[in-house]
Structure formats: C-alpha cells, structure tokens
Amino acid sequence: MIERDLSCEEVLRHLAEYLDRELTPGERAQVEEHLRTCERCAREHRFERAVVDEMRAKLREVEMPGDLVARIRRTLALES
Amino acid sequence: MTDTDEVHPGHAPSLAPMTGTPAADRCTDAEFEQLLGEGVEPAYRLALRLTGNRQDAEDLVQDTALRAYRFRSSFARGSSFRSWFYRILLNGFYTSWRRRRNEASMDELEDAHDLYLYLRSSEAGMLGPDSTPLADTLSRMTTDQVASALDALPDEFRTACTLYFMEDLSYQEIAESLGVPVGTVRSRLHRGRRMLQKRLWKLACELGIVGAAHEEVKR
C-alpha cells in the first residue's frame, strides 16, 4: 500500500496498473491526487490512455461470420 | 483441467473434467448455452488474432465450443466463463493451430522502456497545441498493421497482450486463462506493452506515418 505523497517516478511505475484499474482504492486515490497536481504526469497519463484505447478499438474491428453461432449450435445439437 | 498448468506452446494440459465440481455449482445446459452464445464473438476475435486467418479462427472457435460443451461439468457457476473458455481455446490453439510467425527477436524489442511512444513522439516534434505529444499515430494505421505489431511479439508476451487488448479482462482473469500467477501476468503485460510500443513506432516510421504527422503539425 502506498502511504504518502507519490513522486513522479512512483506514479510512472504504477501508471499501467492505474490504467488497468488494478490498484487498491487508496493507491488509486494517491495516483489521482498526483495527476491533479502534476501536469507532466497528467500529460503522460492521457497519452498512455489514448494509446490503450486506440489499440483496443483497432483490434476489435472484427466482424464475425453471421452464421457462426448457428453452426456451433448445430454441432452441439448433434453432440447431444 | 488443472489450475496450475500453464498454457504455452508445446504443452496441452489435460482437459479431463474436474470431478470435484459439485453438481449444485454446475450450470444447467440452458445456462451453459447462453454463456457460450455470448462468448462466441469475443472468442472469434481472439482466435482471429491468434491464427491470422478467418477460416482457422472459425475452426478454432468451433473446436473450442465443442470441447467446452463436452467438459461443461468442469465449469463452476459464478466463476469467469471467459477465462475458462479462453483457456480451452488457447490450449487448442497451441496444440493444433500454432503457425509459423515472423517473430521479432528479443534483442530487437527488449530494450524498450516506459513511455516509449510518448518520448519518441516528442522527439519527432509531433506535438499538439498544448505541447502534448500526438497520440494519433495508431489512428493512422490500419487494423492489420496494428495487429502485425502485436503478432511480432514473442509468444508469452503476445498471448498476454492479446487477451489484454482484445477483451477487458482483469489481471486475475488473464492469469486464469493462461494458467499462471497474477504476478506473471503483470510482468508479461508490462514488458509486452513496452515491446509493442517500440514495434509500433518502428512500423510507423517504416510506413511514413511519423514524417507525415510531423508535417501536418508544422502547418
């Protein structure tokens, strides 16, 4: 548990876990407090957030074959 | 299927049902089919990233669904269906579908550091009005180009990162899918994301995206 004001280096070390919502509520609050007061770290956070969001958006641009679920159901029906 | 067997190339842990799942904790067939129906689309996206082509992705998902159905008694109601299903999918992928890939060497990727894209964008003068580096390098790439960068990572990092980016899974769910501790997931994502940023920057330079974006900022 992080118990004092964070340095920029500490925020950077925890940035990925902060983005991924993997910090405890207390840790999260400390990172957010630092981001409120440190413009440099806030810029880095916004950039990393945008990169993750863009990666997700790009990689999820996939259209599943419309009949795949139906085909699977038919296969399972035969199995049972 | 044991919880301690890691999913990785060359090793396909047994999918024998966990006879310890009490009957009261098992899904009914109707519940299972609902979970399966909801899970097909995200599984297809994952399978497509892993196999690299639509036909193999369809085959992998169908095979996974069949295995999951046969071993549905090993799934405990209330636990993460996605983690359980993805674990079966990954086992199947490494057993039957793993393809030869142009995997970048660890030397090429290993020295990537934190904030790689941010720092490179700053150095290249790709700054927005508030002097923030432009984060739109990726938006100028196609899905296939972005996917190729992910595809170039060494297997253990690629799988963890693929699960991370494709699905909004927690570290715990990724760990369950891979059969590894949460700490291992944290480490692989940390290193994998740094490698990925380095790969993306290299790709952006090769595609001429960096130069084009810089010219637009200057105007």
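Below, all heavy atoms of this structure are taken into account, side chains as well, without hydrogens, waters or symmetry copies. Here the structure is a predicted model, which means the values were calculated and not measured.
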**Prompt:** Relative to chain B, which of A:L12, A:V69, A:L76 shows the most heavy atom pairs under 4.5 Å?
**Reply:**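 When all of A:L12, A:V69, A:L76 are compared, A:L76 has the most.
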Between [X] and [Y], is there a donor-acceptor pair closer than 3.5 Å when you use the side chain of the first and the backbone of the second?
| X | Y | value |
| --- | --- | --- |
| A:R21 | B:S170 | no |
| A:K58 | B:M141 | yes |
| A:R60 | B:M166 | yes |

**Prompt:** Between B:R193, B:H190, B:E41, B:E167, which has the largest tally of heavy atom pairs under 4.5 Å with chain A?
**Reply:**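 It is B:R193.
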With a 4.5 angstrom heavy-atom cut-off, could you sort out which part of [X] is near chain A: side chain, backbone, both or neither?
| X | result |
| --- | --- |
| B:T142 | backbone |
| B:Q145 | neither |
| B:Y171 | both |

**Asked** Could you go step by step and tell me if B:R49 and A:V62 meet the side-chain contact (heavy atoms from CB on, under 4.5 Å) rule?
**Response** CA-CA 10 Å; B:R49 287 279 75 82; A:V62 171; 4.0 Å; yes
**Message:** Measuring from atom CG of B:L36 to atom CZ of A:R73, what distance do you get when rounded to the nearest 0.5 angstrom?
**Reply:**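 Between atom CG of B:L36 and atom CZ of A:R73 there are 7.0 Å.
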**Prompt:** Between atom CG of A:D53 and atom OG of B:S139, what is the distance when rounded to the nearest 0.5 Å?
**Reply:**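 Result: 12.5 Å between the selected atoms.
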**Asked** Can the positive tip of A:R46 be found less than 6.0 Å from the middle of the six-membered ring of B:Y118, inside 45° of the ring normal?
**Response**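 No; the conditions do not both hold, so A:R46 does not lie above the ring face of B:Y118.
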**Message:** Go through it in stages, so that I can follow the logic: the residues are B:L196 and A:M55, the test is side-chain contact (heavy atoms from CB on, under 4.5 Å), and I'd like the CA-CA distance, side-chain angles, deciding distance and then a yes or no.
**Reply:** CA-CA 10 Å; B:L196 184 58; A:M55 281 291 297; 3.4 Å; yes
